[in-house]
Amino acid sequence: MTGLKNQHAVETQAIGTIQNELPRMEPYPELHARMQMEHQRSTIQAARLDDLLARQGTSKSIAKEAVSGAVATVAGFVHAASGDEVLKNVLAAVGFKSYEAASYKVLIALADAAGATADRTVLEMSLHEEEEMGTWLHDHLAGFVQAYLERSATKG
């Protein structure tokens, strides 16, 4: 239960962080569109976790949700003043995707140990989505750097 509650808080943080960063990604249309999709995906993943928790007769941790929401808000402001914020945000997203994927792998192992085999399919779906987004970000890093450099050259 603790792992599911923790992961729900992580998804809540992802949702808030993406919401804060989306307006600053508008000059990068491909990234912006993909992050809008990721925002929707994180919302769905949080709902899946809500369902798993409800099946077990519990719900998300309100305290963890509040802390995660505050962290997402602060994180959105950390890079806001920097000219290379889009690069920093993409690098942070790459790391966050790795963390989320690893968290889902832990939850799958915990579900197996608890005999919650019905939860495994739901958790594997989210794991696959996190890995897919992490791969997409990795595959597009060079393009984001190039787009950033082109935007910087036209400003300066």
Side-chain angles (χ1 to χ4, degrees), residues 2-53 59-110 119 122-156:
T2 300
L4 292 173
K5 288 178 182 181
N6 288 343
Q7 190 62 28
H8 194 282
V10 167
E11 292 301 343
T12 299
Q13 181 178 349
I15 293 164
T17 299
I18 293 169
Q19 277 179 297
N20 289 336
E21 294 174 357
L22 269 174
R24 293 185 296 276
M25 292 180 184
E26 287 178 2
Y28 304 87
E30 185 179 17
L31 178 61
H32 186 262
R34 190 61 188 238
M35 292 309 287
Q36 283 180 312
M37 186 185 93
E38 189 62 16
H39 182 268
Q40 293 169 348
R41 189 183 274 179
S42 290
T43 301
I44 291 167
Q45 289 171 347
R48 287 181 196 144
L49 292 165
D50 277 338
D51 291 345
L52 293 178
L53 287 164
S59 62
K60 62 190 173 199
S61 168
I62 301 301
K64 286 179 185 175
E65 298 292 317
V67 170
S68 293
V71 168
T73 300
V74 171
F77 294 120
V78 170
H79 299 145
S82 64
D84 62 347
E85 71 177 301
V86 72
L87 297 180
K88 290 177 182 175
N89 289 339
V90 168
L91 290 173
V94 167
F96 198 65
K97 290 295 128 193
S98 293
Y99 174 82
E100 286 181 297
S103 294
Y104 279 111
K105 286 180 182 181
V106 168
L107 285 173
I108 290 166
L110 290 170
D119 293 0
V122 173
L123 296 169
E124 285 175 339
M125 188 180 321
S126 294
L127 168 62
H128 172 74
E129 292 167 352
E130 298 300 352
E131 289 175 334
E132 186 269 333
M133 183 60 181
T135 298
W136 185 88
L137 287 166
H138 272 278
D139 291 349
H140 289 81
L141 280 173
F144 298 141
V145 171
Q146 187 60 41
Y148 164 75
L149 292 171
E150 289 168 6
R151 283 186 49 76
S152 295
T154 60
K155 287 182 181 178

Below 4.5 Å, heavy atoms only, C-beta onward: do [X] and [Y] meet side chain to side chain?
X	Y	answer
His8	Leu4	no
Glu100	Gln13	no
Gln45	Met125	no
Asp51	Val122	no
Tyr28	Arg151	yes

Measure the [atom1]-[atom2] distance between [X] and [Y] for me, rounded to the nearest 0.5 Å.
X	Y	atom1	atom2	value
Ser98	Met133	OG	CE	12.0 Å
Leu87	Ser152	CG	OG	8.0 Å
Phe144	Met25	CZ	CE	8.5 Å
Thr154	Leu149	OG1	CG	11.0 Å
Asp50	Ile44	CG	CD1	13.0 Å
Asp84	Leu91	CG	CG	9.0 Å

Over all atoms of both residues, closest heavy-atom pair of [X] and [Y]:
X	Y	answer
Gly134	Lys97	CA-CB, 3.9 Å
Leu107	Gly3	CD2-C, 3.4 Å
Pro23	Pro27	O-CD, 4.4 Å
Ile18	Met35	CG2-O, 3.5 Å
Ala93	Leu137	CB-CD1, 3.8 Å

When you look at Val86 and Arg24, which way does the side chain to side chain contact (heavy atoms under 4.5 Å, CB included) test go after all the steps?
CA-CA 8 Å; Val86 72; Arg24 293 185 296 276; over 6 Å; no

Out of Leu49, Thr12, Leu123, which residue meets the side chain to side chain contact (heavy atoms under 4.5 Å, CB included) rule with Gln7?
Leu49

Among residues at least two apart in sequence or on other chains, which ones pass ring pair (Phe, Tyr, Trp, His ring centres under 6.0 Å) with Phe96?
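None.
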
With sequence neighbours left out, write down each residue that passes ring pair (Phe, Tyr, Trp, His ring centres under 6.0 Å) with His140, or none if nothing qualifies.
Trp136

Partners meeting side chain to side chain donor-acceptor pair (under 3.5 Å) with Gln19 (sequence neighbours left out):
none

Are the charged groups of [X] and [Y] less than 4.0 angstrom apart, N to O?
X	Y	value
Glu85	Lys88	no
Glu38	Arg41	yes
Arg48	Glu124	no

Checking Gln146 against Glu150: is there a side-chain donor and acceptor pair closer than 3.5 Å?
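Yes, a side-chain donor-acceptor pair sits under 3.5 Å.
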
Go through the steps for Glu130 and Lys105 under the test salt bridge (Lys or Arg N to Asp or Glu O under 4.0 Å), then give the verdict.
CA-CA 11 Å; Glu130 298 300 352; Lys105 286 180 182 181; over 6 Å; no

